[in-house]
Amino acid sequence: MPGFYNKTLAARLQAITEQTGLSQEEIDSFSSLGLGLDSAEHMIENVVGLYSLPIGIATNFRINHKEVLVPMVLEEPSVVAGASLAARLARETGGFIASSDEPVMIAQMQILDLANPHQARLALLAHKQRILDFAQTTDPVIMKLGGGPRDVEVRLIEDSPVGPMLVLHLLYDCRDAMGANTVNTAVEALKPMVEEITGGRVNLRILSNLADQRLARSTCVISTSALAFADFDGEFVRDRIIEASSFAAADPYRAATHNKGIMNGVDAVVIATGNDWRAIEAGAHAYAARSGKYTSLSQWGPDKEGNLVGTIELPMAVGIVGGATKVHPTAQAALKLLAVQSARELAEIIVSVGLAQNFAAIRALATEGIQHGHMGLHARQLAMAAGAAGDEIERVAAQMVQEQQVRLDRAQALVEEIKSYLPKERSYD
Ligand code: MEV
């Protein structure tokens, strides 16, 4: 969608209408709040209203050889532009190639008060089929769709302040659902059987957000010619990005910020599609620390032709049915815009956007710094906060950037100055 960035909001909606099969009602759900108060009242408790955020469309994405328009919901400037830029550079060399595991969630059961935890563990494994057979009965709908329990694993935690405990993992294929309700129901229902088999006492029964059976991964190649910009040549940019990647791999302080950049892209799509972004955040950071040391979720290095290659892998427990994906009209429209047929396809898009976002951030950081790009947008926000309207916003913002004084007090002074030029009848007073 060339020039999408420079179009007016109305022209962007027009372009989306022309390019996609979205109905007028679905398109309208972007510009209105989408979610009605009636639905909101049934979503959480003590509802007093609605809270809105911008939804933007990242362009240029080619993922698994398909063109994808990516809806992103967030408050931070530069993220949608960064993702679209990265996608434009990557598409010259084929775009993103992504894959994912079967949508298998882990649900945990904590088992205590065991006379002999080793013996109890073997008893659970000996009764694996019985446990799986019972777990098949708790969600007939998912079973009909081809999902259901897949395996049982049992770990012994020998040393804890409350003594030894067993942890049973029920691995459950949730198909196109995120699956929290399905797996929580299954492990709650299994309590009596597990207590009978082990002679112990079951305490917690809940899914794990470290959904490491449900990973999604993506890769892209960016040529050195695509990396060159302004006064920076492509090899220089590639090598600085690789240095940035090594920094994040080695240092948890940097890894946290590097991964935050990835989550800027990931969360924005997770939220747009009505999925649980806290679950995705928890899973991502737990996965980043799986070796015992927190590290980066992505890696950047050269290939044998000297191109830059990025890779990413993280848990991606998202659904396209159920929960807010079903209730929120904008989430429904976002899913339709993405044209995904399965939760796995959505997961593959999300991790690709995370990788794109990460590239855009470290490309800027390793070259001109991010303040350069941020400042223009930040200046416009300050100009509006200082009371500038219409053309004045650009004038005030441009002046502050040129003076390198992007601050609210300067914006206020410039707005005052403009006001003083206005004829009396056009003044704001
Ligand atoms: C800001 O929201 C995200 C960055 O800090 C990410 C990074 O440092 O890689 C720019």
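Every number for a ligand or one of its atoms is a count from 1 in the order of the listing.
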>> According to ring-ring contact (aromatic ring centres under 6.0 Å, His included), does anything in residues 203-240 pair up with another residue at least two apart or in another chain? List the pairs.
In response: F229-F232, F232-F236
>> My understanding is that only residues two or more places apart in sequence, or in another chain, count here; which of them pass side chain to side chain donor-acceptor pair (under 3.5 Å) with D151?
In response: K128
>> Under the rule for ring pair (Phe, Tyr, Trp, His ring centres under 6.0 Å), what residues qualify as partners of F96, not counting sequence neighbours?
In response: F61
Quick one: table the atom pairs, ligand 1 N or O against protein N or O, below 3.5 Å, distance rounded to 0.1 Å.
unit_1   : atom_1 : unit_2 : atom_2 : d
ligand 1 : 2 (O)  : E76    : OE1    : 3.3
ligand 1 : 2 (O)  : E76    : OE2    : 2.6
ligand 1 : 2 (O)  : K260   : NZ     : 2.7
ligand 1 : 2 (O)  : N264   : ND2    : 2.9
ligand 1 : 8 (O)  : R254   : NH1    : 2.8
ligand 1 : 8 (O)  : R254   : NH2    : 3.3
ligand 1 : 9 (O)  : R254   : NH2    : 2.7

>> Under 3.5 Å, is there a donor on one side chain and an acceptor on the other for S208 and Q108?
In response: no
> Is there a donor in the side chain of Q299 and an acceptor in the side chain of T311, or the other way round, less than 3.5 Å apart?
Replying inline: yes
> Within the side chain of R395, is there an N or O that forms a donor-acceptor pair under 3.5 Å with the backbone of E392?
Replying inline: no
